[in-house]
Amino acid sequence: MRATLRWVRSDLRAHRGEALFIVLATAGVVASLLLATALFGYATNPWQRVFTQSRDAHVWLHTTPSADAGRLSGLDGVESVAGPYPTESATVAARGIRASVELRGTTAHPAAGRPLLTSGRWLDGARPDGVVLESHLARALLAQPGDVLTLPGTARTLTVAGIADSAEPRYRPGERPGLVWALPSAVRAPDGEVTGLRLTDPDETGYAVQRAVTVLGAGAVSEVSTWQQARSEAQGDTRLLGQVLGLFGLGALLAAGLAVHGAIGTRIRGHLRDISVLKAIGFTPGQVVRVFLLQHVAYALLGAVAAAALTEGLGSRIPGRLGDAVGVWQGLPGHTAALAGIPVGAVLFIAATTGLAAWRAGRVPPVPVPRPAASAAGRLSGLARGALGLRLSPALVLGWHQAFARRPRTPATVARLALPLLLIVVAMSAWTTIDRFHSRPEQVGLAAALTARPDGEVGDREVRSLLERDPRITAAHPGVEVAALVPGQTGTIALRGLGTRQEPYPYAVAEGRAAHGRDEAVAGQGLLDLLDVRVGDWVRMTVGDQPQILHIVGRSIEPENAGRVISTSLDTLRENDPELRPTHYELRLRPGADPQQVAGDLAAASGGHLDVHAVPNPADGLASLRGVVLGLIAVLALIGIVDLLTVIGGTVREGERDLLALKAVGLSPRQITAVTVTATACTALCAVLLGTAVGLPLAHWLIDAQGRSSGIGAGMAQGPSPGLLLLFGTVAVAGAAALAAVPAARAARRRLADTLSAVT
């Protein structure tokens with residue numbers, strides 16, 4: 001044991017930098033995997049907690065006031081019914097901020113579907129004007145318990161009694177109204193009802209919805225929302241962050257394992273004589289294997305423990321969503337198991353890759369085998385001799401020859417170096433795709449910057465005149481969006497009529513073509529998946545009791561409503577309903593115009609009759625992904641440096657046998673150094689080219705696959721610019737050359753006696 005510890009201490013003293021990099025790389029990998037686990041738990045748990053504790057309904061049906069919702073309690077699979085509750089569509093305002101809401105008249109003590117209060121109190125019959133706001137709506141209005149809400153255009157006021165979390169789909173400005181719970185007496189002009197169904201088997205939600213719509217009649221059901229849709233929406237981009245971290249964490253773990261494997265293999269080749277001496281003095285093959293295995297497992301264990309301790313102690317203090325996710329994750333039941341299991345799994349994986357390389361050390365014979373007299377690179381190839389005949393620099397020619405000429409390990413070395421570089425290219429592609437949402441939103445389905453909604457007191461002509469007078473607005477597309485029942489009546493989708501045939505809305509069409517003719521439409525990926533249709537098919541849907549048949553001629557990149565949107569022109573919808581009037585206008589602005597300033601000016605010019613807000617950008621919720629990408633690139637760079645140090649060490653050791661010959665032919669120490677630096681740079685260049693060639697298509701495939709799974713659809717991936725890729729490759733190759741310069745110069749200035757002892 002004493003001899004083993006002395007060997008480990010001597011080896012650590014000789015390779016301090018490499019040991020430090022292995023520890024840091026392992027810590028980064030384990031931290032990435034722990035944060036990914038925290039984000040996955042955070043994405044699901046808050047919604048699941050609210051859904052379970054509030055005993056919320058699995059299905060919410062919005063119906064006409066005449067629908068007989070009492071018949072739903074007798075359906076098979078329905079455990080209980082909440083409601084029916086009267087609803088009223090309204091607009092509320094607080095501190096100059098307006099929001100579309102659904103006033104829901106509920107009882108003081110609902111048996112099911114009661115939201116969880118976060119502040120204030122629940123409804124009280126002694127305060128008939130008191131209401132409870134859904135938490136996302138309250139944040140949008142900057143409202144607190146005790147605030148007074150006004151209903152523009154009326155003399156009515158409502159007092160905020162409390163704020164609550166709900167498991168139902170949350171408020172989205174311009175897309176989904178916010179929930180306001182009130183006593184039935186506060187709902188003065190009901191325009192519908194809402195009924196909740198709690199099911200005995202949640203997996204049969206689609207069948208239960210179909211039965212409910214059949215019983216009530218398709219014309220009586222205006223909208224259906226299910227628990228799966230609410231859960232998917234609640235997870236949103238937090239789940240995407242978890243997927244990104246998990247994917248890169250696993251990739252980085254594989255790269256780290258291969259890096260350690262390569263480091264041990266190279267070290268074994270450089271210490272064959274020392275290993276033979278260890279065996280000669282009594283070390284068994286098993287003891288030799290344990291020396292290498294325990295040493296590198298200790299490095300991995302130190303990095304894993306450090307990552308777990310830092311994540312547990314400081315993770316909740318990370319700014320933004322990552323910190324919130326870690327804080328929530330620490331309170332989940334599986335937190336302790338994950339905190340221990342992930343570092344242990346990472347250490348075991350590194351131990352497995354280490355064992356494969358250390359096993360070779362156990363097979364080294366106790367009597368040193370003489371090295372071959374010929375150089376590992378062999379004789380000069382015809383190409384190399386021709387290059388020397390053209391008076392090219394001997395250092396460049398010999399460096400290229402040393403890197404590639406008949407070296408069976410070169411492909412494995414290049415592949416090992418290319419893996420972290422490949423993942424860095426994928427990370428840069430993710431960064432560039434996010435930037436595309438901000439720099440070129442029209443290419444990802446966000447051509448309009450503002451949405452303007454009149455309050456009903458001004459006519460279409462007045463609104464158009466107001467919008468046309470503003471020189472900052474290049475186009476104002478009238479539109480209407482309604483909920484439509486899908487075929488089979490198992491859910492609702494968004495049917496959108498936007499623009500006219502003379503001035504069509506510029507959808508971002510990723511497949512097929514834009515809709516121009518009668519009954520033509522474009523659809524999002526989420527709708528195509530929901531209905532199991534493709535571009536070119538005809539689909540039939542129901543709006544109220546009116547059927548609507550449309551021909552899907554294109555697939556658009558649709559970031560709203562999980563892609564469950566079918567869009568046509570307003571003229572097409574008017575063919576079924578000539579009295580249809582636009583309910584909103586999508587505004588496209590001139591380059592450089594400030595959307596917030598335009599929105600404020602329009603609201604002031606309309607005298608408060610126009611509600612103008614910015615179109616939500618999905619990338620706004622992914623701001624924390626930029627920091628994640630930078631952290632991942634740093635971890636991958638550390639792994640690449642570990643691999644590069646291994647390559648440099650192997651190149652320097654294998655070049656020792658050529659040192660005498662190079663000096664004999666007249667090469668100076670500087671030229672000999674350039675040979676090693678060139679060999680390292682050529683290897684790094686091949687790794688960069690391979691990583692870029694594989695990383696770019698892989699990044700497009702991964703991003704498009706994520707787009708398809710989220711309903712947005714493929715076609716939004718954007719690779720890094722050629723200039724950025726060139727800079728990345730230049731930095732990687734130049735960094736490799738710089739790292740190789742010092743050890744190569746030290747080896748080139750060794751004494752002849754030392755060189756003779758190294759090659760014998």
Side-chain angles (χ1 to χ4, degrees), residues 47-89 102-116 132 134 164-170 176-177 179-182 184 187 190-234 483-494 530 541-542 544-545 561-562 564:
W47 180 90
Q48 190 67 52
R49 175 183 61 84
V50 173
F51 183 84
T52 302
Q53 294 182 5
S54 65
R55 287 185 51 81
D56 201 36
H58 295 95
V59 179
W60 287 98
L61 299 168
H62 288 73
T63 62
T64 60
S66 59
D68 186 7
R71 301 171 60 188
L72 299 176
S73 59
L75 293 178
D76 292 338
V78 175
E79 176 185 302
S80 60
V81 177
Y85 302 127
T87 62
E88 177 185 355
S89 299
E102 175 191 296
L103 282 176
R104 180 178 297 179
T106 186
T107 59
H109 301 285
R114 174 172 174 170
L116 302 182
V132 175
E134 188 265 334
D165 287 334
S166 171
E168 295 185 54
R170 61 192 181 188
R176 186 183 298 279
L179 278 175
V180 177
W181 292 272
V187 184
D191 50 18
E193 290 182 343
V194 62
T195 305
L197 305 180
R198 190 164 178 85
L199 308 178
T200 56
D201 185 2
D203 293 333
E204 297 294 330
T205 299
Y207 176 71
V209 171
Q210 189 176 30
R211 289 287 309 277
V213 174
T214 302
V215 168
L216 298 178
V221 179
S222 60
E223 184 180 353
V224 178
S225 63
T226 65
W227 66 278
Q228 296 105 322
Q229 296 171 355
R231 183 183 63 178
S232 177
E233 183 179 309
L485 283 171
V486 301
Q489 301 174 339
T490 58
T492 55
I493 60 172
L530 177 67
M541 62 208 70
T542 306
D545 56 356
N561 199 31
R564 296 183 174 184

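Atoms considered below: every heavy atom in the structure, side chains included; atoms not considered: hydrogens, waters and symmetry mates. Here the structure is a predicted model, which is why all the values come from computation and not from measurement.
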Sidechain N-carboxylate O distance under 4.0 Å for R211, E204: no

By salt bridge (charged side-chain N to carboxylate O under 4.0 Å, His left out) - contacts of E223 (at least two apart): R176

Minimum side-chain heavy-atom gap P84-T63 below 4.5 Å: no

Heavy-atom closest pair, residues L72 and V81: C-CG2, 4.3 Å

Nearest non-hydrogen partners of A164 and P115, listed with the distance: CB-CB, 3.7 Å

Gap separating the CG atom of D76 from the OH atom of Y207, nearest 0.5 angstrom: 6.5 Å

Closest non-hydrogen atom pair between P65 and E193, with its separation: O-OE2, 3.7 Å

Close side-chain approach of V78 to L199, heavy-atom, < 4.5 Å: yes

4.5 Å side-chain heavy-atom contact, H62 and E102: yes

Nearest-0.5 Å distance that lies between atom OG1 in T195 and atom OH in Y85: 9.0 Å

Distance (rounded to the nearest 0.5 Å) between T87 OG1 and L103 CG: 9.0 Å

Side chain to side chain contact (heavy atoms under 4.5 Å, CB included) against T64, all qualifying residues, sequence neighbours excluded: S66, A67, A220

Trace of the salt bridge (charged side-chain N to carboxylate O under 4.0 Å, His left out) decision for E79 with R55: CA-CA 12 Å; E79 176 185 302; R55 287 185 51 81; 3.4 Å; yes

Interatomic spacing from CG in D56 to CG in D165 - rounded to 0.5 Å: 11.5 Å

From S225 atom OG to L61 atom CG, the distance as rounded to the nearest 0.5 Å: 8.0 Å

For R564, salt bridge (charged side-chain N to carboxylate O under 4.0 Å, His left out) partners two or more places apart: none

Distance (rounded to the nearest 0.5 Å) between W227 CH2 and L197 CG: 14.5 Å

